[in-house]
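Remarks on the structure that follows.
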Amino acid sequence: EIGVRLVGSEMCIRDRCKISGMYVKNATGERLLVYVSDKGEVIPKYEDVSTEGFDMNEVFCLGCSWSGDPRKLVKR
């Protein structure tokens with residue numbers, strides 16, 4: 001299990017749905033489950049899964065309709 005902490009921002013999804021799980025998509029719409037670290041880094045939920053072809057610059061919340069740059073989840 002990865003001990004990654006999601007940090008909220010002004011658009012804080014954490015306050016809305018309290019879910020740290022996110023996903024990213026590739027060109028064909030396949031999803032890859034990820035977490036966003038407190039430094040804004042996108043980390044796959046499962047270490048043995050390849051991230052090749054997935055857009056790591058846009059994450060989608062599993063609990064609500066929010067999507068955007070993972071760095072916006074980190075308070076600066």
Side-chain angles (χ1 to χ4, degrees):
E1 184 173 314
I2 299 174
V4 175
R5 192 168 48 110
L6 179 69
V7 178
S9 71
E10 298 304 317
M11 303 172 55
C12 187
I13 62 162
R14 204 174 108 221
D15 289 342
R16 258 192 249 164
C17 60
K18 304 205 185 308
I19 293 176
S20 62
M22 311 287 279
Y23 66 91
V24 292
K25 294 195 281 189
N26 64 14
T28 61
E30 293 175 299
R31 295 178 178 190
L32 175 67
L33 295 176
V34 297
Y35 293 111
V36 177
S37 76
D38 55 357
K39 294 180 181 169
E41 298 169 296
V42 178
I43 301 166
K45 180 176 181 178
Y46 303 105
E47 295 177 17
D48 59 337
V49 176
S50 172
T51 60
E52 186 175 339
F54 285 90
D55 181 2
M56 305 300 260
N57 296 311
E58 182 177 24
V59 294
F60 299 83
C61 179
L62 287 169
C64 69
S65 62
W66 186 89
S67 66
D69 187 326
R71 294 170 295 189
K72 290 190 177 183
L73 297 173
V74 179
K75 283 189 179 181
R76 306 248 183 237

Identify the heavy atoms of [X] and [Y] that sit nearest to each other, and give their distance.
| X | Y | answer |
| --- | --- | --- |
| Glu30 | Phe54 | O-CE2, 3.4 Å |
| Val34 | Pro44 | CG1-CA, 4.0 Å |
| Phe60 | Ser67 | CD2-CB, 3.3 Å |
| Tyr23 | Leu62 | CD2-CD2, 3.4 Å |
| Val36 | Pro70 | CG1-O, 3.8 Å |

Distance check, rounded to the nearest 0.5 Å: Glu58 atom CD versus Lys25 atom NZ?
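So the gap between those two atoms works out to 7.0 Å.
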Does the side chain of Leu32 reach to within under 4.5 Å of the side chain of Asn26, using non-hydrogen atoms?
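Side chain of Leu32 against side chain of Asn26, heavy atoms only: no contact under 4.5 Å found.
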Quick check: do Val49 and Leu33 have side-chain heavy atoms less than 4.5 Å from each other?
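No - every pair of side-chain heavy atoms lies 4.5 Å or more apart.
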